[in-house]
Amino acid sequence: MCGITGWISFDRELRTEQDTVDAMTETMDCRGPDDRGTWISGPAALGHRRLAIIDLPGGRQPMTARTDEGSVVLVYSGETYNFTELRAELAARGHRFSTESDTEVVLRGYLEWGEAVADRLNGMYAFAVWDEPKQRLVMIRDRMGIKPFYYYETADGVLFGSEPKAVLANPLARRSVGADGLRELFVTVRTPGQAVWDGLREVEPGTVVTVDRGGLRRHVYWSLRTRPHEDGRADTVAHVRELLDDIVRRQLVADVPRCVLLSGGLDSSALTALAARRLAAEGESVRSFSVDFAGRTENFVADVLRPTPDSPYAHDVARAAGTRHKDIVLDAHALADPELRARVVRARDLPTGLGDLDTSLHLLFQAVREHSTVALSGESADEVFGGYRQFFSEQARTARTFPWLVHHDQDFGDGTSLLRPEVTAALDLPTFVQDSYDTAAAGVERLDGESGLEYRMRVMSHLHLTRFVRMLLDRKDRASMAVGLEVRVPFCDHRLVEYVYNAPWALKSFDGREKSLLREAAADVLPKSVYDRVKSPYPSTQDPKYAAALQEHGKDLLARTGHPVFQLVDPERLSAAVREAAPQTTQAARSGLEHTLDLAVWFDMYAPRITLA
């Protein structure tokens with residue numbers, strides 16, 4: 001797990017640009033606190049920051065393979081979980097290895113198979129290869145988009161990086177944001193390839209991007225496809241369990257301390273129990289960590305979104321699995337710290353408006369990093385197995401929009417509520433959302449003979465797996481890598497995703513509950529309390545002192561009358577939100593104020609040039 005960056009400029013000699021390459025590389029020091037390296041030759045410059053996970057002394061980058069025609073150089077972020085098998089296959093083909101790292105396996109795999117190496121990888125990865133003999137750059141991203149990857153076309157080549165900040169550190173990249181980019185900030189919809197900043201693009205998941213003197217080309221090597229599902233219930237449950245056992249086994253491989261993020265929900269509890277069983281066979285125990293808020297369990301107030309607190313269930317799992325467990329307890333003062341908000345915005349490069357959902361995640365990962373370098377997370381199980389409220393809402397099932405938006409404002413609030421009327425009109429978010437939905441839904445393949453309900457549920461699943469989950473994975477990556485923690489997401493293994501996606505909805509919900517297949521596949525390792533628990537999302541603080549602190553921060557911002565955030569935000573609406581903030585204890589009620597405070601930090605930090613025309 002690392003940070004990568006680079007610059008290809010076919011019309012210049014980049015050895016004179018060492019300072020700029022260093023600046024791009026150093027923006028990602030948090031992603032790679034253990035080592036740094038750059039490689040520059042002719043039109044190519046590559047930079048790398050390393051978080052050492054496998055083969056600590058041998059995995060330094062940029063990594064070079066020398067051929068008779070010239071050098072092939074790799075910068076790589078992520079993990080390849082099947083590298084042991086690939087290494088054996090490559091060795092049988094005559095390749096010789098000088099390290100034990102998965103990075104060298106990927107490099108040797110490229111030498112053997114070219115860009116088709118992507119088809120053979122199981123893992124989370126974003127990597128770039130400068131192929132000197134062919135004078136081309138090859139950029140490849142994992143199938144689900146777990147690891148971030150951005151690029152920016154220039155007049156004579158391309159800039160790239162794990163995060164926008166690496167690209168923006170190059171003077172060639174403009175710090176401007178137009179209407180298309182702003183739309184991405186104010187609705188929970190991710191447009192494939194869109195990266196907010198003008199000129200900046202994502203390497204899309206499952207995609208290879210090549211750049212040479214002839215220009216830039218894209219090739220999709222993987223997409224979520226519709227296929228018949230032939231297995232019955234018992235065989236499906238058994239295969240899901242078989243996959244989970246194999247995935248957990250692979251993703252526990254590391255040469256540094258590992259742990260599991262445990263919420264007490266079905267997803268993280270299943271992973272914790274399976275990891276504990278796997279490590280127990282090797283004479284080890286697993287660490288587990290949970291997040292909680294001071295006084296939350298004792299003073300918990302149930303609502304439609306979160307019917308139960310997490311801690312009692314997490315403790316049940318920790319006892320049953322025999323983990324070395326620790327609760328990370330956060331208070332309102334820490335969550336509302338303006339310096340923490342700035343670190344979160346810096347980590348994301350964007351104003352997310354998620355408030356304590358982001359700040360608490362940052363503090364959780366920061367605390368976990370004191371004990372472990374690798375953590376397993378239950379992220380994406382709801383998208384894979386059908387766990388969200390909207391999967392069971394008739395209103396969401398029949399709505400001609402993204403299903404998670406149907407109850408969004410009620411549950412999480414409206415982050416656009418404080419925008420100037422002219423900004424709201426210029427962005428025209430309803431049309432943007434409708435067009436985005438129509439495009440996304442039209443690409444879902446229908447199985448021959450599939451009923452109307454089954455196809456509608458397939459569309460919902462597809463949208464969650466190709467649009468919604470990418471936002472959550474980006475959030476998880478940025479928050480964790482900002483503190484040098486590698487978070488692995490076993491439920492994003494493409495084999496599991498493909499298999500469960502094609503299981504019919506009647507099978508995914510055979511007992512009338514969410515995530516039926518996962519619950520049955522892990523039934524033997526789960527405490528009964530967790531087996532029976534209704535889903536409760538990632539927690540949000542209910543402490544009124546947090547809202548009171550936000551109120552004070554809002555007053556401070558209002559006093560800065562010339563602040564550039566007021567290009568977008570209406571001061572009168574902000575003033576009203578500040579007056580009403582103190583008694584509010586829900587995330588939905590705080591949404592507009594939270595988003596505005598994030599926007600203000602973003603303007604202070606990046607000074608974006610805003611254009612709405």
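In this chain, numbering begins with 1 at the start of the sequence shown. No hydrogens, no waters, no symmetry mates; every other heavy atom, side chains included, goes into these values. Predicted, not measured: the structure shown is a model, and the values here were computed from it.
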> Is the shortest distance from a Lys or Arg side-chain nitrogen in E26 or R49 to a carboxylate oxygen in the other one below 4.0 Å?
Replying inline: yes
> Under 3.5 Å, is there a donor-acceptor pair between the Q61 and H48 side chains?
Replying inline: yes
>> So, using side chain to side chain donor-acceptor pair (under 3.5 Å) as the criterion, who are the partners of N170 when residues are at least two apart?
In response: none
> Where does the angle between the aromatic ring planes of H494 and W222 fall among parallel (under 30°), tilted (30 to 60°) and perpendicular (over 60°)?
Replying inline: perpendicular
> Does G70 offer a backbone N or O that forms a donor-acceptor pair with the side chain of R66 under 3.5 Å?
Replying inline: no
> Counting only N and O atoms by type, is there a donor-acceptor contact under 3.5 Å from the side chain of D212 to the main-chain atoms of Q135?
Replying inline: no
> So, F289 versus H325, ring centres under 6.0 angstrom or not?
Replying inline: no
>> Applying side chain to side chain donor-acceptor pair (under 3.5 Å), can you list everything that pairs with T191, at least two apart in sequence or on another chain?
In response: E184
> Just wondering, do R12 and W7 contact through their side chains at under 4.5 Å, heavy atoms?
Replying inline: yes
> Between Y499 and D231, do the side chains contain an N or O donor and an N or O acceptor separated by less than 3.5 Å?
Replying inline: yes
> Thinking salt bridges, do R241 and D246 make one under a 4.0 Å N-O criterion?
Replying inline: no
> If you measure from OG on S162 to CE on M481, what distance do you get to the nearest 0.5 Å?
Replying inline: 8.0 Å
>> Donor-acceptor check, side chain of T27 to backbone of M24, threshold 3.5 angstrom: yes or no?
In response: yes
> Would you call R201-E153 a salt bridge at under 4.0 Å N-O?
Replying inline: no
>> A side-chain contact here means heavy atoms from C-beta on lying under 4.5 Å apart; do Y152 and W197 qualify?
In response: no
> Is there a donor-acceptor pair under 3.5 Å between the side chain of S372 and the backbone N or O of V374?
Replying inline: no
> Do K147 and E79 meet the salt-bridge criterion of a basic N to acidic O distance under 4.0 Å?
Replying inline: no
> Quick one: does NZ or CZ of R136 land under 6.0 Å from the six-membered ring centre of Y110, within 45 degrees of the ring axis?
Replying inline: no
> Are D358 and R348 within salt-bridge range, i.e. N to O under 4.0 Å?
Replying inline: yes
> Stepwise, does the side chain to side chain contact (heavy atoms under 4.5 Å, CB included) test hold for T64 with V72?
Replying inline: CA-CA 6 Å; T64 302; V72 177; over 6 Å; no
> Using a distance-only test with no angle check, is there a side-chain donor-acceptor pair under 3.5 angstrom linking K508 and S516?
Replying inline: no
> Judged by atom type as modelled, is there a donor-acceptor pair below 3.5 Å linking the side chain of Y76 to the main-chain atoms of M63?
Replying inline: no
>> Could you tell me if E112 and H95 have a donor-acceptor pair between their side chains, going purely by distance under 3.5 Å?
In response: yes
> Is E282 paired with R249 through a side-chain N to carboxylate O contact shorter than 4.0 Å?
Replying inline: no
> For S263, does its backbone N or O pair with a side-chain atom of S268 as donor and acceptor, under 3.5 Å?
Replying inline: yes
>> For a side chain to side chain contact (heavy atoms under 4.5 Å, CB included) check, start with the C-alpha distance between E520 and K515, then their side-chain angles and the critical distance, and finish with the verdict.
In response: CA-CA 9 Å; E520 288 308 304; K515 294 179 283 194; over 6 Å; no
>> Can you tell me how far apart CD1 (I40) and CD (Q18) are? Round to the nearest 0.5 Å.
In response: 3.5 Å
> Quick one: side chain to side chain donor-acceptor pair (under 3.5 Å) partners of R141, sequence neighbours excluded?
Replying inline: none
> Do E89 and R87 meet the salt-bridge criterion of a basic N to acidic O distance under 4.0 Å?
Replying inline: no
>> Donor-acceptor check, side chain of S290 to backbone of L262, threshold 3.5 angstrom: yes or no?
In response: yes
> Roughly how far, to the nearest 0.5 Å, is CD of E498 from OG of S223?
Replying inline: 9.0 Å
> Are D474 and R478 within salt-bridge range, i.e. N to O under 4.0 Å?
Replying inline: yes
> Is there side-chain contact between T67 and P133, with heavy atoms separated by less than 4.5 Å?
Replying inline: yes
>> Main chain of D235, side chain of H239: is a donor-acceptor contact present, judged purely on distance under 3.5 Å?
In response: no
>> Tell me whether T16 contacts the main-chain N or O of E13 through its side chain, where contact means a donor paired with an acceptor under 3.5 Å.
In response: yes
>> In terms of relative ring orientation, are F127 and Y125 parallel, tilted or perpendicular, with 30° and 60° separating the classes?
In response: tilted
> Hey, what do you get for SG (C259) to CG (L485), rounding to the nearest 0.5 Å?
Replying inline: 6.5 Å
>> Please tell me whether Y388 and E383 have a donor and an acceptor in their side chains that are separated by less than 3.5 angstrom.
In response: yes
>> With a 3.5 Å distance limit and no angle check, can you tell me whether T466 reaches the backbone of H462 through a side-chain donor-acceptor pair?
In response: yes
>> Between R36 and D29, does any NZ, NE, NH1 or NH2 come within less than 4.0 Å of an OD or OE carboxylate oxygen?
In response: no
> Can you find a heavy atom in the side chain of D11 that is under 4.5 Å from one in the side chain of R213?
Replying inline: yes
> Taking NZ, NE, NH1 and NH2 as the nitrogens, is one of them in D35 or R60 under 4.0 Å from a carboxylate oxygen of the other?
Replying inline: yes
>> Here's one to test your reading of the geometry: is the NZ or CZ of R458 within 45 degrees of the ring axis of W505 and under 6.0 Å from its centre?
In response: no
